[in-house]
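Below you'll find the structure, written out as structure tokens, and then a few comments.
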Amino acid sequence: MCTSRSELADLFSAFRPLFTRPTYARAQTLLEGALLSLGCRTVAAALRVSGLEDHPRFESYHRVLSRASWSAHQASRILLLLLVAAFAPTGTLLFVVDDMIERRWGPRIKPRGIYRDPVRSSRGHFVKTSGLRWVCVMLVVQVPWSGRVWALPVLSVLAPSQRYCAERGRRHKTIVRCARQMILQLCRWLPGRQITVLTDVGYAGQQLLSAVCPRVTVVGQLRLDSALYDFPPPRTPGKRGPQRKKGDRQPSLKERLLDPKTEWKRVRGTFWYGEREVELDIATGLSVWYHAGAPAVRIRWVLVRDPHGKREVRAYFSTDLSMDAVEILRHYIRRWSVEVTFEEARRHLGIETQRQWSDLAITRTTPCLLGVFSITALLADRLQARGLLRVRSAAWYEKPMPTFSDALASVRRHLWEARNTSHSRSDGEDEVFPAPLFRCLIETLAYAA
């Protein structure tokens, strides 16, 4: 168990109201174990790395996830407020909504389904996998000491398979419906803050936009064959009947791409990874996005093409009609940081290695591990303020700025040093441990997968 007062203990104290006193201590131990564990992120691994492998009541730590009464929903709210206070105290908040497939097998994992594996599939190669689908909302921020944009998980919800819902007589909740509820929850948690939400083409639909647009701005990707219309004409005084939703049909974006009359603007900037400047041709306009049976949504669309023909033509939109076309593009490319978060969570935090089987533990474990990613960022930010955040480099590789692996390694060093200090003897008769060997072992453990 945690016997030292570390930055982790200070940070985790914000979550104290969620737990009873015994559960709070065990939850803090599991969190520290998740940060220090190597390989599988199981409760047993967390207990071993915490020195509790001989604890006679080890099952009480398993019950933190499988039985204890605490709200993961409220834990997400506390985590969100901590992240906003640390990285985005002012200005517009930028969030991204995306889903992740957690590859899991076994008959006891009831909500699992068969999905397309986005990591192993490509346009010409389709791979199916058994697993759990999670819809995640992440806060997108520019981390000052990293020099990059990070997507920090704040809220993750399990979207059970359609088969699971049918077997239990429940109405299946689509990922779009989950995203709508999660976005509206953000608005309730952050009253008075301007919010922009980034989505991909799978979430960009009129049902979602019409529900959230009065409260947030949505920036997303648009299909080239989407039905676009003029704004409806003003209502004629004295005319009876409902107000028109749309005006005349506009050319589709695919038609505008081939139309020589389309006005293109050449821009140059860093729009992709690697911070390399590229040239792009941009066309933009205002339209009503509508199809029968769905609400009409007013958008600013942006059509982007590569003048050299090396990149695929893409279209984007914003529900804020006053947003500049280049700003829309710069906002959307920040959405790609979510893929980095998913990959780092799999590689360094053991996503897909946990072994819980009870329904409650399944719905808690993955959101908690994704939350550990955000907690690592918060701890690293505190260590940076104290000058304790280090960057791993070598003669053949000069790394100018810290990455997530450096942040996690610095957090591990801090936790180990805090534990070592708390157990140091005060009589000065400690054994001398060679400093170079000690540093070598620390480095090896800190960067182990």
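Worth saying up front: this structure is predicted, and the values here are computed from it rather than measured. Starting from 1, each residue takes its place in the sequence as its number.
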Query raised in the report: Would you say W145's side chain and V143's backbone share a donor-acceptor pair under 3.5 angstrom?
Result: no

Query raised in the report: Counting only N and O atoms by type, is there a donor-acceptor contact under 3.5 Å from the side chain of T341 to the main-chain atoms of A151?
Result: yes

Query raised in the report: A315 and Q221: which non-hydrogen atoms are nearest, and at how many Å?
Result: O-CG, 3.3 Å

Query raised in the report: Any side-chain heavy atom of V340 within less than 4.5 Å of one from W150?
Result: no

Query raised in the report: Of the options R392, K399, R412, which is the one that meets D406 in a salt bridge (charged side-chain N to carboxylate O under 4.0 Å, His left out)?
Result: K399

Query raised in the report: Sub-3.5 Å donor-acceptor pair from the side chain of T29 to the main-chain atoms of A25, do we have one?
Result: yes

Report task. Could you check L80, V96, L186 and say which one makes a side chain to side chain contact (heavy atoms under 4.5 Å, CB included) with V137? Result -> L186

Query - Pair listing, salt bridge (Lys or Arg N to Asp or Glu O under 4.0 Å) test, anchored in residues 202-226, at least two apart - result: R223-D225

Requested in this report: Would you please say whether a donor-acceptor pair under 3.5 Å links the side chains of T365 and Q354?
Outcome: no

Report summary line: Partner of D306 under salt bridge (charged side-chain N to carboxylate O under 4.0 Å, His left out), picked from R266, R311, R314, is R311

Query - Backbone N/O of W301 and side chain of T284: donor-acceptor pair under 3.5 Å - result: yes

Query raised in the report: Salt-bridged, E7 to R386, with N to O below 4.0 Å?
Result: yes

Report task. Decide yes or no for Y115 and L132: does some side-chain heavy atom of the first lie under 4.5 Å from some side-chain heavy atom of the second? Result -> no

**Report entry** Flag if over 12 foreign heavy atoms under 6.0 Å of CZ, R249
**Finding:** yes

Query raised in the report: Around atom CD of E398, are there more than 12 heavy atoms of other residues, nucleotides or ligands at under 6.0 Å?
Result: no

Report summary line: Nearest heavy-atom approach of S252 to L224 is CB-O, 3.8 Å

Report task. Would you check if the side chain of W70 reaches a backbone N or O of V64 as a donor-acceptor pair within less than 3.5 Å? Result -> yes

Query raised in the report: So, E102 side chain and R133 main chain: donor-acceptor pair closer than 3.5 Å or not?
Result: no

Report task. Quick one: do F19 and R26 satisfy side-chain contact (heavy atoms from CB on, under 4.5 Å)? Show the steps, please. Result -> CA-CA 10 Å; F19 306 98; R26 292 165 187 150; over 6 Å; no

Query raised in the report: Any side-chain heavy atom of L329 sitting closer than 4.5 Å to one from I333?
Result: yes

Query raised in the report: Should we count CZ of R116 as having more than 12 external heavy atoms under 6.0 Å?
Result: yes

Query raised in the report: Within a reach of under 6.0 Å around CD of Q194, are more than 12 heavy atoms found that belong to other residues, nucleotides or ligands?
Result: no

Query - Pairwise distance CD1(I328) to CZ(R330) - rounded to 0.5 angstrom - result: 13.0 Å

**Report entry** Stepwise side-chain contact (heavy atoms from CB on, under 4.5 Å) test for L94 and V141
**Finding:** CA-CA 7 Å; L94 196 62; V141 293; over 6 Å; no

Query raised in the report: For Q74, does the CD atom have more than 12 heavy-atom neighbours from other residues, nucleotides or ligands under 6.0 Å away?
Result: yes

Requested in this report: Drop me the distance from S76's OG to W189's CH2, to the nearest 0.5 angstrom.
Outcome: 5.0 Å

**Report entry** Polar side-chain atom of S374 near backbone of P153 as donor-acceptor pair, under 3.5 Å
**Finding:** yes

Requested in this report: Please check if any side-chain donor atom of T262 sits under 3.5 Å from a side-chain acceptor atom of R256, or the reverse.
Outcome: no

Report task. Supply the atom-to-atom distance H62 NE2 to L30 CG, rounded to the nearest 0.5 angstrom. Result -> 8.5 Å

Query raised in the report: Which value, rounded to the nearest 0.5 Å, describes the distance between L389 atom CG and R413 atom CZ?
Result: 9.0 Å

Query - Closest non-hydrogen atom pair, A325 against I282 - result: CB-CG2, 3.9 Å

Query raised in the report: Counting distance only, does the side-chain N/O of S337 pair as donor-acceptor with the main-chain N or O of R334 below 3.5 Å?
Result: yes

Query raised in the report: Do I183 and V216 come within less than 4.5 Å of each other through their side chains, counting heavy atoms only?
Result: yes

**Report entry** From CA spacing to verdict: side-chain hydrogen bond (donor to acceptor under 3.5 Å, both in side chains), S130, R112
**Finding:** CA-CA 7 Å; S130 168; R112 68 184 178 90; 2.8 Å; yes

Report task. List the atom of P232, the atom of R244, and the distance in Å for their closest heavy-atom pair. Result -> CB-O, 3.4 Å

**Report entry** Side chain proximity check, I299 to L222, heavy atoms < 4.5 angstrom
**Finding:** yes

**Report entry** Distance in Å, R104 CZ paired with T129 OG1, rounded so as to fall on 0.5 Å steps
**Finding:** 12.0 Å

Query raised in the report: Any side-chain heavy-atom pair from D230 and Q250 closer than 4.5 angstrom?
Result: yes

Query raised in the report: Going by the angle between their ring planes, with limits at 30° and 60°, are F373 and F404 parallel, tilted or perpendicular?
Result: parallel

Query - Shortest non-hydrogen separation from V219 to T196 and the atoms involved - result: CG2-CG2, 4.0 Å

Requested in this report: For S66 and Q356, run side-chain contact (heavy atoms from CB on, under 4.5 Å): C-alpha distance rounded to whole Å, both residues' side-chain angles, the deciding distance at 0.1 Å, then the answer.
Outcome: CA-CA 8 Å; S66 61; Q356 286 74 22; over 6 Å; no

Requested in this report: Take V135 and Y203 through the test side-chain contact (heavy atoms from CB on, under 4.5 Å) and record every step on the way to the result.
Outcome: CA-CA 11 Å; V135 181; Y203 293 89; 4.0 Å; yes

Report task. Specify the closest pair of heavy atoms between L415 and E32, including all atoms of both residues, with the distance to one decimal. Result -> CD1-CG, 4.0 Å

Report task. Say whether, by atom type as modelled, one donor and one acceptor occur between the side chain of S146 and the main chain of P402 under 3.5 angstrom. Result -> yes

Report summary line: In this structure, NZ of K128 is separated from OG of S121 (nearest 0.5 Å) by 10.5 Å

**Report entry** Note, R300 side chain near L286 side chain (heavy atom, < 4.5 Å)
**Finding:** yes

Query raised in the report: Just wondering, do R335 and D98 contact through their side chains at under 4.5 Å, heavy atoms?
Result: yes

Query raised in the report: So, the side chain of R41 versus the backbone of G39: is there a donor-acceptor pair under 3.5 Å, distance only?
Result: yes

Query raised in the report: With a 6.0 Å cut-off on ring centres, are Y24 and F12 close enough?
Result: yes

